[in-house]
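Written out below as structure tokens is the structure these notes cover.
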Amino acid sequence: MTSNTESPEIRTTSNFLRDIIEEDVRTKKFGDATVQTRFPPEPNGYLHIGHAKAICLDFGLADEFGGKTNLRFDDTNPEKEEQEYVDSIQNDVRWLGFDWERLCYASDYFGQLYEWALQLIRAGKAYVDDLTADEIRQYRGTLTEPGRDSPYRDRAIEENLDLFTRMKRGEFPDGSRVLRAKIDMASPNVNMRDPVMYRILHASHHRTGDDWCIYPMYDYAHGQSDSIEHVTHSMCTLEFADHQPLYRWYIEQLAIFPSQQIEFDRLNLTYTLMSKRKLLQLVQENRVKGWDDPRMPTLSGLRRRGFTPEAIRAFVTSVGASRTNGVVDFEMLEHFQRNDLNRRAARAMAVLRPLKVVIDNYPEGRKEFVDVANNPEDPSAGTRQVLFSRELYIEQDDFREVPPPKYYRLSPGKEVRLRNAYFVTAQSIVKAPDGSLIEVHCTYDPASRGGNSPDGRKVKSTIHWVSTAHAVSAEIRLYDKLFSKPDPYDVEESGDVLDNLNPNSLEILTGAKLEPSLADAKAGDRFQFERVGYFCVDPDSSPGKLIFNRTLPLKDSWAKLEKKTGA
RNA sequence: UGGGCGAUCGUUCAAUGGCAGGACAGUGCCCUUUGGAGGCACUUAUCCAGGUUCGAAUCCUGGUCGCCCAGCCA
């Protein structure tokens, strides 16, 4: 079921979830039942990397114990849910590398849930309440004061049955009545103060259409759905811990399969956020280009950005699970992504900000092919031929008229290696009247073909290049952190999270020059542009108009050094 | 201020009464036809106070701090 191709250095350390399951299997807590889990998203948005952690836990742990995992849509609130989200979620789970045993919906169980509600009413465990939402809130009490019983709490069973069936038939308007569980209005746990089981919602559901006008609440639906599917280990995030007594209460009252809920911590990352509500807001207010904007922490955004499922899986398993709230450094994710791409991404030479170089002693009109490794990390990736000629583009950053200390690249009088080609020495520069640099003139050493000089001469730097006459142009989209603060919620008194959006999270370069082999790269293809970073062809790209997204830059120890000594 | 949960290097996860360890980040060196990658080394932690024990990060007691809960959302 799962494709576990985690990189070898990812040791699966123990975590408390695995310990619990191991213990349950050992003690046969569920008899001979196999481990059964479920991943239960509400289809009200796109999946993000926080969900990836839950997915890896739900699918991964079940798989470890020879169990199965269902994908179940928790679709009990038709007002927020859409088919678009159902589709994207399935797509993203598969992309991450998992496949489910069964595809389920809470709405599959609406009929059963309704029958069980009748059963609870008959047992005197549920009642129809005519209080308004506002009144229910007032009767609920506060965190420190107990609630009070609703005046409708002791309605006769027959009357409750009558009212509830009429609620279902659509005789009452939205909000006029609810069905409540009769538990304990004085419970210190507010979730147990006669929680609402059903509300009236004359809304069209993405699957059941207008079949229903009453919908079960999460608490009334989730545990029973788990139970119906014989879920043994129902893992969810920490904020549901207070709901566990209620989860168990319904299961016990109904005397059905005893699924057990176990909570773990949410994944948080620096410089971004995981709130579906906030992500939706970013999309709706056009602060980003959509759910799959490469700056988004959504799986679709990360995919478009060039992140790989392998790296994301390795990352979330490395981060582990516990019950402590924390925030993981975004650098951790970047590390796993670079690690993966370094091994797999084909190399290419690409110049993001071109500077023209003319090799004065290289014959005009001559061109030649040089041999280049497709991936130095992987000899089996083979080699290719790249055109070299008298006029080239190099990176603007790779030339300094006045080199700072420790700057090893091209500067007047200095010799460097053009990767896989020749040694060149900068001889002179040409400037425009405004003083800006137009081109650099060099001489090359014909004996250094391939990048080594027979006399054993060393150079301190190797730079990449592209032949001007053969280069293909491309648009490059550079992405940076979505938010400018590690904690986006770190705002002034009356401020909003979105105030912390990084205004420079996207930079578009239109004049990039790439080696010719990149001309027929297809959407989704990933490359390492040597010495620059990892890039992925954007779906906006077309044969005549190449567009690359920068997944991540390469680590840049020179930039770090320069910043340090410059400061 | 009621209830629930938690607290270990800067971050994250281990250590399940017996030498506090890994990963990320950081620092230094080596190596390098990517200032990439790789190799080596180094720095840094058990919230506090008591107690039990030959021995406590782990068990007990009391504090402190943090997160979650008062939707007819999930």
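Naming: A, B, ... by sequence-line order, numbering from 1 per chain.
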Roughly how many Å is it from OH in Tyr85(A) to C1' in A74(B), rounded to a whole number? 15 Å
When you measure from the side chain of Lys560(A), which nucleotide among A23(B), C13(B), G26(B) comes out closest? G26(B)
Separation between the P atoms of A7(B) and U16(B), rounded to whole Å: 15 Å
Considering only heavy side-chain atoms of Thr144(A), the closest of U1(B), G71(B), A7(B) is U1(B)
Side-chain atoms of Met217(A) come closest, of U34(B), C13(B), A74(B), to A74(B)
Separation of the C1' atoms in C19(B) and A56(B), to the nearest angstrom: 14 Å
Heavy atoms only, 4.0 Å cut-off, all strands: where does Thr142(A) land among base, sugar-phosphate and nothing? base
Under a 3.5 Å cut-off for both contacts, is U53(B) paired Watson-Crick or G-U wobble with anything, and if yes, with which nucleotide? none
Atom C1', compared across G6(B) and C24(B): separation rounded to whole Å: 23 Å
Partner nucleotide, any strand, of U64(B) [Watson-Crick/G-U, under 3.5 Å]: A7(B)
Of G35(B), C69(B), G71(B), the nucleotide closest to the side chain of Asn191(A) is C69(B)
Nearest to the side chain of Arg323(A), which nucleotide is it out of A25(B), C5(B), A70(B)? C5(B)
Just name whichever nucleotide pairs with G2(B), Watson-Crick or G-U, keeping both distances under 3.5 Å, else none. C69(B)
Tell me the interatomic distance from Asn15(A), atom CG, to G22(B), atom C1', rounded to whole angstroms. 15 Å
Do the side chain of Glu331(A) and the base of U11(B) come within less than 3.5 angstrom through a donor-acceptor pair of N or O atoms? no
Taking U46(B) as the reference, what is the distance to C9(B) when you measure between their P atoms (whole Å, please)? 8 Å
Within the 4.0 Å heavy-atom criterion, would you say Glu377(A) contacts the bases, only the backbone, or no part of the nucleic acid? base
Students often get this wrong, so: under 4.0 angstrom with heavy atoms, is Asn452(A) touching a base, only sugar-phosphate, or nothing? base
Taking only the side-chain heavy atoms of Met332(A) (C-beta and beyond), determine which of G71(B), A23(B), G36(B) contains the nearest atom. A23(B)
Given that both distances must come in under 3.5 Å, which nucleotide forms a Watson-Crick or G-U wobble pair with U58(B)? none
Comparing nearest nucleotides in RNA chain B, the 5'-proximal residue of the pair Asn375(A), Ala133(A) is Asn375(A)
Between A23(B), U34(B), A70(B), which one does the side chain of His335(A) approach most closely? A23(B)
Under a 3.5 Å limit for both distances, which nucleotide forms a Watson-Crick or G-U wobble pair with C40(B), could you say? G28(B)
Determine the contact category for Phe240(A): base if any of its heavy atoms lies under 4.0 Å from a base atom, sugar-phosphate if only primed atoms, P, OP1 or OP2 are that close, otherwise nothing. base
Quick check: any donor-acceptor pair below 3.5 Å linking the side-chain of Asp242(A) to the base of G3(B)? yes
Gap between atoms CG and C1', on Asp378(A) and G36(B) respectively (whole Å): 16 Å
Lys NZ or Arg CZ of Lys168(A) over Tyr114(A) ring: under 6.0 Å, within 45°: yes
Taking atom P in both A14(B) and C47(B), compute the distance separating them and give it to the nearest angstrom. 15 Å
Considering heavy-atom distances to RNA chain B, does Phe16(A) or Pro216(A) have its closest nucleotide positioned more toward the 5' end? Phe16(A)
Pick base, sugar-phosphate or nothing for Tyr220(A), based on heavy-atom distances below 4.0 Å to the nucleic acid. nothing
For Thr132(A), answer base if it contacts any base atom (sugar-phosphate contacts may also be present), sugar-phosphate if it contacts only those atoms, and nothing otherwise; contact means non-hydrogen atoms under 4.0 Å. base
Of the listed nucleotides (G36(B), G35(B), A74(B)), which one gets closest to any side-chain atom of Lys555(A)? G36(B)
Using the glycosidic torsion, which applies to G66(B): syn (within 90° of 0) or anti (everything else)? anti
Mark yes or no for a side-chain to base donor-acceptor pair under 3.5 Å between Arg409(A) and G35(B), with no hydrogen or angle criteria applied. yes
May I ask you to check whether Phe423(A) and Tyr444(A) place their ring centres under 6.0 Å from each other? no
Distance between the P atoms of A15(B) and G3(B), in whole angstroms? 31 Å
Please walk me through it: do Tyr105(A) and Phe73(A) pass ring pair (Phe, Tyr, Trp, His ring centres under 6.0 Å)? CA-CA 5 Å; Tyr105(A) 296 81; Phe73(A) 289 99; 5.3 Å; yes
Aromatic centroids of Phe388(A) and Trp465(A) separated by under 6.0 Å: yes
In whole Å, what is the span from the OH atom of Tyr127(A) to the P atom of C72(B)? 12 Å
How is Leu561(A) classified with respect to the nucleic acid when contacts are heavy atoms under 4.0 Å: base, sugar-phosphate, or nothing? base
Among G3(B), C72(B), A23(B), which is the nearest nucleotide to the side chain of Phe336(A)? A23(B)
Base, sugar-phosphate or nothing for Val532(A)? Non-hydrogen atoms, less than 4.0 Å. nothing
Could you tell me the Watson-Crick or G-U partner of A74(B), where both distances fall under 3.5 Å? Say none if there is no partner. none
Could you tell me whether Gly175(A) contacts a base, only the sugar-phosphate backbone, or nothing, with contacts defined as non-hydrogen atoms closer than 4.0 Å? base
Looking only at atom P, what distance separates U1(B) and C67(B), rounded to whole Å? 15 Å
If the plane angle is over 60° it's perpendicular, under 30° parallel, otherwise tilted; pick one for Tyr215(A) and His205(A). parallel
Using atom P in both nucleotides, what's the gap between A41(B) and G21(B) to the nearest angstrom? 14 Å
Closest approach to the side chain of Val328(A), judged atom by atom: which nucleotide of C73(B), U12(B), G3(B) is it? U12(B)
Might you confirm whether atom NZ of Lys414(A) has over 12 heavy atoms from other residues, nucleotides or ligands at distances under 6.0 Å? no
Partner of Cys236(A) under side chain to side chain contact (heavy atoms under 4.5 Å, CB included), chosen from Gln261(A), Gln244(A), His222(A), His243(A): Gln261(A)
Across all strands shown, which nucleotide pairs with G35(B) by Watson-Crick or G-U wobble geometry, both distances under 3.5 Å? none
Do Glu263(A) and G4(B) share a donor-acceptor pair, side chain to base, under 3.5 Å? no
Under 4.0 angstrom, heavy atoms only, what part of the nucleic acid is Ala321(A) near: base, sugar-phosphate, or nothing? sugar-phosphate
Tell me if the CZ atom of Arg207(A) is crowded by more than 12 foreign heavy atoms within 6.0 Å. yes
Determine, using ring centers only, whether Phe164(A) and Tyr127(A) are less than 6.0 Å apart. no
Describe the nucleic acid contact of Glu334(A) in one word from base, sugar-phosphate, nothing, applying a heavy-atom distance below 4.0 Å. nothing
